[in-house]
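Worksheet: one structure, shown below.
Residue numbers begin at 1 in each chain, while the letters A, B, ... track the order of the sequences.
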Number of protein chains: 2
Amino acid sequence: MSTQSAAALSGSGAAAIPLSEAKARVVDAAAALFAEHGVGGTSLQMIADVIGVTKAAVYHQFKTKDEIVIAVAESEMARLEVAIKAAESEPDPVKARDVLLTRIVDLAIERRRMESTLTGDPVLVRFYARHEGFRRTMARLYRILMGEGAGPEARVPAAMLIAAIGGAVMHPLVADLDDSALRTHLLHLARRFLDLP
Amino acid sequence: MSTQSAAALSGSGAAAIPLSEAKARVVDAAAALFAEHGVGGTSLQMIADVIGVTKAAVYHQFKTKDEIVIAVAESEMARLEVAIKAAESEPDPVKARDVLLTRIVDLAIERRRMESTLTGDPVLVRFYARHEGFRRTMARLYRILMGEGAGPEARVPAAMLIAAIGGAVMHPLVADLDDSALRTHLLHLARRFLDLP
DNA sequence: GTCTATACGCGGATAGAC
DNA sequence: GTCTATCCGCGTATAGAC
């Protein structure tokens, strides 16, 4: 217990967030750069430049670029897990759904400048698709969002809603809205959408 | 009139689609690869391999990779222009909106495997943001979609709807639905969403 | 229009000193 | 943890023959 446990990449889903200071700096810088240039368009040199060190220093923290991508993805996923847990602790399904919705909107607003890259970048999407833990986490999220239904009538609106929230925050049409105003509108419309018969 | 006019990159918005056979092959291959690997993750070698020629042959068609990116973006935008024109030729605003919605859904379904990359890739997004013609085209689209309103109450739902349609078609939740089923559900839900008070 | 060949830099990655 | 130095391959791009 006294030894600093590795924590590493887990693989079972919930990254416990205990990244070293240095690792955390890399992950933060990488996430911002991924959002601006895409994963494929971001080099280790760029990451090193942003945090003011050399490439070799970055390599000391992560042996490969892939590991950085994974760490960024897990860091985002960890935030989502917190939201899901909060919703799952709510006994009433309808309330649970609303809690989840609120949390998801908050996350999207918080990540406003990078949300769509983090959920849409081909490299990250591929990564999500291949990892058990991520699939399980998303399955839990969908369960809360869709409730009983599992057919197209439940899945299509769920897919639309997730896409709408994630995509809208970065949309040029709402670029001039401040976070709080956007949050209010988004939440209102998302609730409306879910209440549709 | 007899000479094949250059058509080139236009710049005023509507690319007139008169690409040579060879150029069209490059653009098609590039679009598919962009969708799978992102713009930054796609090399000229990949493009050349897909169409079965050498890199140099590709360079003969487009002097730089940027030109290919532009051509792909314009090709997508041209499709959207057709949809917008169809909607604009409809006198009744409500009907125009419905025509546009239908066309956009059709486009998204057609481009199902690449839609979100084509609208979400950072490289392409930057490109769209910088080009007059693209901004004007999108302005026309928004106008039809939002009608009179120009405040947040109109813009937020418009942003959500565009994001929802583009993002939902690639979502894992609906991966098992065939095009026609997905189209039906998507259109139904999109109409509902827009009719909200 | 397509090819071979080639220049040149950058990207990922490693070794070893401090 | 960070640095300098270095390797190698691939990516963009060009020259010139067929």
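What separates CD1 of Ile47(B) from C1' of dA13(D) is a distance of 14 Å, to the nearest Å. In this structure, Lys63(A) atom NZ and dG11(C) atom C1' are separated by 20 Å, rounded to whole Å. Residue Gln45(A) contributes atom CD, which lies 14 Å from atom C1' of dA5(D) at whole-angstrom precision. The distance between atom CG of Leu44(A) and atom P of dA13(C), rounded to the nearest whole Å, is 7 Å. Asp49(B) places its CG atom 12 Å from the P atom of dC10(D), with the value rounded to the nearest Å. Atom C1' of nucleotide dC10(D) and atom NE2 of His37(B) are separated by 15 Å, given to the nearest angstrom. Separating the NZ atom of Lys55(B) from the P atom of dT2(C) is a distance of 17 Å, rounded to the nearest angstrom. To the nearest angstrom, P of dT2(C) lies 11 Å from NZ of Lys23(B).
Within the structure, every side-chain polar atom (N or O) of Thr54(B) is placed at least 4.0 Å from both OP1 and OP2 of dT2(C). Side-chain nitrogen and oxygen atoms of Ser43(B) include none within less than 4.0 Å of the OP1 or OP2 phosphate oxygen of dC10(D).
The OG atom of Ser43(B) lies 8.0 Å from the CG atom of Leu33(B); values are rounded to the nearest 0.5 Å. Residue Ile104(B) holds its CD1 atom at 4.5 Å from CD1 of Ile162(B), rounded to the nearest 0.5 Å.
Side chain of His60(A), nearest nucleotide from dG1(D), dG1(C), dT12(D): dG1(D). In the set dG1(C), dC3(D), dG12(C), the nucleotide with an atom closest to the side chain of Ala56(A) is dC3(D).
Of the residues Arg103(B), Lys95(B), Arg140(B), Arg97(B), the one that meets the salt bridge (Lys or Arg N to Asp or Glu O under 4.0 Å) test with Glu88(B) is Arg140(B).
At most 12 non-hydrogen atoms from other residues, nucleotides or ligands lie less than 6.0 angstrom from CZ of Arg143(B).
Residues Val53(A) and Tyr59(B) both approach DNA chain D. Their nearest nucleotides, taken by heavy-atom distance, put Val53(A) toward the 5′ side. Between Ser20(B) and Lys65(A), the residue anchored closer to the 5' end of DNA chain C is Ser20(B), taking for each the nucleotide with the nearest heavy atom.
Residues His171(A) and Tyr142(B) place their aromatic rings such that the two centres sit under 6.0 Å apart.
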